[in-house]
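Please read the structure below before turning to the comments.
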Amino acid sequence: MSTQSEEPLDVERIRGEFPILERDVGDGQRVVYLDNAATSQTPDRVVDAMDDYYRETNSNVHRGIHHLSQEASLAYEEAHDRLAEFVGASGGREEMVFTKNTTEGLNLVAHGWGLRELDEGDEVVLTEMEHHSSLVTWQQIAKRTGADLKFIAVDDEGRLDMDHAQEIIGPDTEMVSVTHVSNTLGTVNPISDLADLAHEHGSYVFADGAQAVPHQSVDVEDLGVDFYAFSGHKMCGPTGIGGLYGKSHLLDAMEPFMYGGGMVRKVEFEETTWADVPEKFEAGTPPIAEGIALAEAADYLDDIGRERIDRHERDLVEYAMNRLGEFDDIEVYGPPAGERAGLVSFNLEGVHAHDLASIMNDHAVAIRPGDHCTQPLHDVLGTAASARASFYLYNTKAEVDALVEAIDDARQLFA
Ligand code: PMP
């Protein structure tokens, strides 16, 4: 580990790179942005990368003959290599498909692999903490193929019950699809152990990295996963772009998810053959500016250091858990500080999460109320909704204090 990675973040300097954090969101109040698990903010250099692309290079890709198209194609292809490297995939662009977001990565595999490979009696194993993007997708594919879904239970502390995982992952399991970090509980799941377990039974493993890739170093090869998806808009990148890692031989064998131009090798009236990965999965004109800017976001995060970002967030979440723990009327969900990623979901007794978020908004504190696209998990937790504060590299302890003050205001109002 480098010395640089030991140093705490210079948060004031970092905040200077995100002008939106200076925004007055009403009554002269500066936004306290604690909704990073939904979407992170975008630093100047990523916005500049988009801007530069449109000012200097804008052109369609797929290797047109003219200068601008050549340049755009090269930059877009290299962006794939950069994102492959960013998640530890040594195969470069042949293992990195650009998608719209994590949801599309899941759908791509569920349709491209699942529809072809799953049959009656096969099992897809998920967890009780899956995001709807995984749960609903596999549920619908299971209905269409006759496969069964099973769910690894979450224990009282918000951890996966690994004994239950041992019980339900077996010879009929064809896919284990699990979130790396829970967007509701903050739990960091033991992906390598699950991958070992799945592979012992000849199953594949899909990890949903939406809440992991932006915040910690990820190495898909160390994790041992077969597929791994993430979203650009949660990692300081633009909306409309995400990545899907897949082992090369699996992507090669899979059916395309969408058809059209740009993904073909030879087309005849009756038959078509496919281009190589990633083009095979990127039909039509892709999000070129977004892809190039996503590579800039990856550079940005690496320049700062993902270990440092992770440590900063863990420090913040520990502070937040301690502050929230001062009050008997606050229920916090998920594992203890020290074991969780930088987000915390909670409820204030007697106040609906939506009302709480609305009062927070009066204080310019941006959090998210609701089920966070994990309705079945909320059923398990015994509540319809929770309030979630989620942190990133630019957040401060003073902002956690602002959160706690706003909660106090809600408490007074509803007392
Ligand atoms: N999985 C998890 C764990 C998430 O937190 C999210 C976003 N909340 C998604 C998947 C879906 O991400 P997107 O909307 O970017 O597809």
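As the structure is a prediction and not an experimental result, all values here were calculated from the model.
Between Asp276 and Lys280 there is no salt bridge, since none of the side-chain N atoms of the basic residue sits less than 4.0 Å from a carboxylate O of the acidic one. A salt bridge links Arg30 and Glu22; the closest N-O separation between the charged side-chain nitrogens and carboxylate oxygens is under 4.0 Å. Electrostatic pairing of Arg159 and Glu339 counts as a salt bridge here, judged by a charged N lying under 4.0 Å from a carboxylate O. Taking the charged nitrogens against the carboxylate oxygens, Lys397 and Asp315 do have a contact shorter than 4.0 Å, which makes a salt bridge. With salt bridges taken as basic N to acidic carboxylate O contacts below 4.0 Å, none links Arg45 and Asp48. Between Arg82 and Asp302 there is a salt bridge, since at least one side-chain N of the basic residue sits less than 4.0 Å from a carboxylate O of the acidic one. Under a 4.0 Å N-O distance rule, the pair Asp310/Arg306 does not qualify as a salt bridge.
Screening Val404, Leu316, Val365, Val32 for a side-chain contact (heavy atoms from CB on, under 4.5 Å) with Glu399, the sole residue that qualifies is Val32.
Summarising the local packing, CG of Asp27 is surrounded by 12 or fewer heavy atoms from other residues, nucleotides or ligands at distances under 6.0 Å. Around NE2 of His67, the count of heavy atoms belonging to other residues, nucleotides or ligands within 6.0 Å does not exceed 12. At most 12 heavy atoms of other shown residues, nucleotides or ligands fall within 6.0 angstrom of atom CZ in Arg144.
Of all the heavy atoms in Leu301 and Pro214, the pair that sits closest is CD1-O, 4.1 Å.
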Side chain to side chain contact (heavy atoms under 4.5 Å, CB included) between His199 and Val205, intermediate numbers included
CA-CA 8 Å; His199 289 152; Val205 178; 4.1 Å; yes
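The aromatic rings of Phe230 and Tyr228 are tilted relative to each other, their planes meeting at an angle between 30° and 60°. A perpendicular orientation is assigned to the rings of Trp113 and Tyr204, their planes being inclined by more than 60° (bins at 30° and 60°).
Side-chain N or O atoms of His352 include one that pairs as donor or acceptor with a backbone N or O of His354 at under 3.5 Å.
Proximity of Val109 to Met175: side-chain heavy atoms (C-beta onward) are separated by under 4.5 Å at one or more points. Residues Leu393 and Val11 form no side-chain contact, since every pair of their non-hydrogen atoms from C-beta on lies 4.5 Å or further apart. Within the 4.5 Å cutoff, no side-chain heavy atoms of Thr127 are placed close to those of Phe151.
Aromatic ring centres of Trp274 and Tyr259: separated by under 6.0 Å. Taking the six-membered ring for Trp and the full ring otherwise, Phe98 and Tyr76 have centroids separated by under 6.0 Å. His131 has its ring centre no less than 6.0 Å from the ring centre of His372.
A cation-pi arrangement is present between Arg411 and Phe327, with the terminal nitrogen or guanidinium carbon under 6.0 Å from the aromatic centre and inside a 45° cone about the axis.
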